[in-house]
Amino acid sequence: MKGPALVLREVRKVYGTGEREVVALDDVDLTVDDDEMLVLIGPSGSGKTTLLTVAGGLLRPTSGSVVVGGNEISSLGDKALARFRRDEIGFVFQSVNLVPFLTARENLLVVRQLGGGRIDRDAKSRADNLLGELSLADRADNVPSQLSGGEKQRVAIGRALMNEPALVLVDEPTSALDSKLGHQVMELLHQEVKRRGVAAIVVTHDERVAEFGDRVVEIIDGALEVAQER
Amino acid sequence: MSIAFKELLREPRRFAPVGGALTLLVVLLVVLGGFLDGLELSLTGAYRAHDGLVLVFDADADRQLQRSSVSDDLAGILDGLDATNGVGSLDQVFTVAGGDGRGLEDIALYGYGLSTAVLPEPPPPGSAVVDAQLQRLTDIEVGDSLEIGPTAEPVTVAAIVDDLSQGAPSVWLATDEWRRVVSLGIPPALPPPGTQHALVARPAAGDAVGLAAELSAIDGLDAVTVDEAIEALDVVQQQSSTFEGIIGVTFVIVLLVVALFFALLTLERIHLYAVLKALGARTGELLWGVAIQAIGVSAIALILGCGLSLLFVVLLPPELPLRLVPSRVVQIGSGTMITALLGSLFTIRRLLRVDPAEVIG
């Protein structure tokens, strides 16, 4: 066993210096288990985005330890961090951010191509399976401009799961969707994450998303408070 | 297939501006290169007819044919050397030719004594070898009569050879016939008795460079290869340096066009690059993608540009000295691709600064 999917120990992230110093994460301790879906809520500027970027290896903490899938990443260099993100992290971005000129299937396969990887038969089969599970089999050859908002969000979920990551990080998944579609997308995300036993952190303003979390954690001024545990 | 290549194929309109500009620049480069080669070839045909042989000038003549005067005695000495396998004279004068209802054309009239890969054995008295350029201008054919010089000395065309223009279309006579025709029409242009303008020596071992060095050691002689003789022509040097300068500037413009276009495209794509970096792309991969697109666009521009250049050349008047030489087109093609590649690399600074964290929040 490699241990929990994510362990943050006394993680501190500070922007600026002197009088302009802003503490975005204030000695945060957090553990996310292998198949746990954690919902992180908090007001704007509370530090939830910073926590997501630190956990995903997009930012290095000012101090503290970040362990993902058993690997300490806080001291990795840029190349190693890029490899780590490619192999261990699945991202679902707030504005979806699909590659506009690639089809839905190619948007899933693109994560296999990065880092000089090859798209083999297994990769194609996995992409097709994911698209099938996400009810997008008949949209596989459509580019993002031919997809609805909900379909794009589902493709983004497929892309996040494509490389069998240790941790899926989801940023405001329902912010661009109406409440019905948002609920459907969250249900699908929950179902896919649980089916694979993958850990996930969902950052949201939307309190209705909280019902999908195994645990809900609130972040205020860079510090965590357990809001709800199931 | 790479992501960058897919974008190139699926969103060609995005690359149309740079593709169009590069196509026009390729047309300019090919046409400039064509004029460079055409002008050089039209000024050096008589020398090039002696490729692989050695041209021997008077040491004081600065390698200029009409300034040179080499004696028959020296010709005899060279002919007796083991290193030579035949020596002949080479004389030149500029005059006119016409007759048979044709207008007068300026010509370079040569007397020669040695056949080459291009020139046949010197024709008998009363006949001449004519080059393809004079044929183009006058529609003359083998067996037709041609009147040469101010006295309109008639000769019959015995053969037509490739374009051997050297500032003007060329007509070739045997040395004695050349002296006869020149002595009647332009006596002051005749070299003194017992001399000729220059000699042509055929190396026994096929080594023109070695033979040139050996003959240059003889007092009063300056022996050179054909390439060296061409380099000594001031007009060729001036034209070459002028055209090469313009071609060089055009390549700089290619560099700037590609660099500017991809710099703007990179700015436009910052968010996409940030997403790809967040997903695990390295800066090198993104740079490689830009380079692939630059090479792809320039390759398409090359194909279109070469096609348009061919059309353009066909539409030009035939008397313009423009020649499309394959080696020059290959040179321009590889130069364009390399320049486009270098231009695309100007994006590296911006790509290095793309922050993947920007895509969250």
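All chains are named by letter (A, B, ...) in the order of the sequence lines, taking the proteins before the strands, and each is independently numbered beginning at 1.
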>> Within residues 289-312 of chain B, which residues come under 4.5 Å of chain A, heavy atom to heavy atom?
In response: none
>> Is Leu279(B) in contact with chain A via its backbone, its side chain, both, or neither, using a 4.5 Å heavy-atom distance?
In response: both
> Looking at Leu58(A), Leu52(A), Val143(A), Val110(A), which has the largest count of heavy-atom pairs under 4.5 Å with chain B?
Replying inline: Leu58(A)
>> Quick one, Thr174(A) with Asp206(A), criterion side-chain hydrogen bond (donor to acceptor under 3.5 Å, both in side chains). Give me CA distance, side-chain angles, the key distance, then yes/no.
In response: CA-CA 8 Å; Thr174(A) 59; Asp206(A) 185 353; 3.2 Å; yes
> Highest number of heavy-atom pairs under 4.5 Å with chain A: which of Thr283(B), Leu272(B), Asp355(B), Leu276(B)?
Replying inline: Leu272(B)
>> Check this for me: does any side-chain nitrogen of one of Arg328(B) and Asp37(B) sit under 4.0 Å from a carboxylate oxygen of the other?
In response: yes
> For Thr103(A), is it the side chain, the backbone, both or neither that has a heavy atom under 4.5 Å from a heavy atom of chain B?
Replying inline: both
> Looking at Thr50(A), Leu102(A), Ile89(A), which has the largest count of heavy-atom pairs under 4.5 Å with chain B?
Replying inline: Leu102(A)
>> Checking side-chain polar atoms at under 3.5 Å, does Asn163(A) have a donor or acceptor matched by the opposite partner on Arg112(A)?
In response: yes
> Where on Val99(A) is there a heavy atom nearer than 4.5 Å to chain B: the side chain, the backbone, both, or neither?
Replying inline: both
> Leu22(B) pairs by side chain to side chain contact (heavy atoms under 4.5 Å, CB included) with which of Val254(B), Thr339(B), Val27(B)?
Replying inline: Val254(B)
>> Using every non-hydrogen atom in the two residues, find where Lys48(A) and Thr204(A) come nearest and quote the distance to one decimal.
In response: CE-O, 3.9 Å
> Any side-chain heavy atom of Val155(A) within less than 4.5 Å of one from Leu147(A)?
Replying inline: yes
> If only atom types and distance count, is the side chain of Arg12(A) paired as donor or acceptor with the main-chain N or O of Leu25(A) below 3.5 Å?
Replying inline: no
> Should Glu106(A) and Arg10(B) count as an ion pair when the cut-off is N to O under 4.0 Å?
Replying inline: yes
>> With chain A as the partner, which of Pro356(B), Ala278(B), Ala281(B) has the greatest number of non-hydrogen pairs under 4.5 Å?
In response: Ala278(B)
>> Out of His271(B), Lys277(B), Glu11(B), Glu7(B), return the one with the most heavy atom pairs under 4.5 angstrom to chain A.
In response: Glu7(B)
> Salt-bridged, Arg196(A) to Glu133(A), with N to O below 4.0 Å?
Replying inline: yes
>> I need the Thr44(B) OG1 to Ile230(B) CD1 distance, nearest 0.5 Å.
In response: 4.5 Å
> Between Ser241(B) and Glu244(B), do the side chains contain an N or O donor and an N or O acceptor separated by less than 3.5 Å?
Replying inline: no
> Which residues from residues 72-84 of chain A are near chain B, with near meaning under 4.5 Å between non-hydrogen atoms?
Replying inline: Lys79(A), Ala82(A)
>> Can a donor-acceptor pair be found, under 3.5 Å and without considering hydrogens, that links the side chain of Lys13(A) to the backbone of Arg60(A)?
In response: yes
> Would a distance-only check, ignoring hydrogens and angles, find a side-chain to backbone donor-acceptor pair under 3.5 Å from Ser46(A) to Pro43(A)?
Replying inline: yes
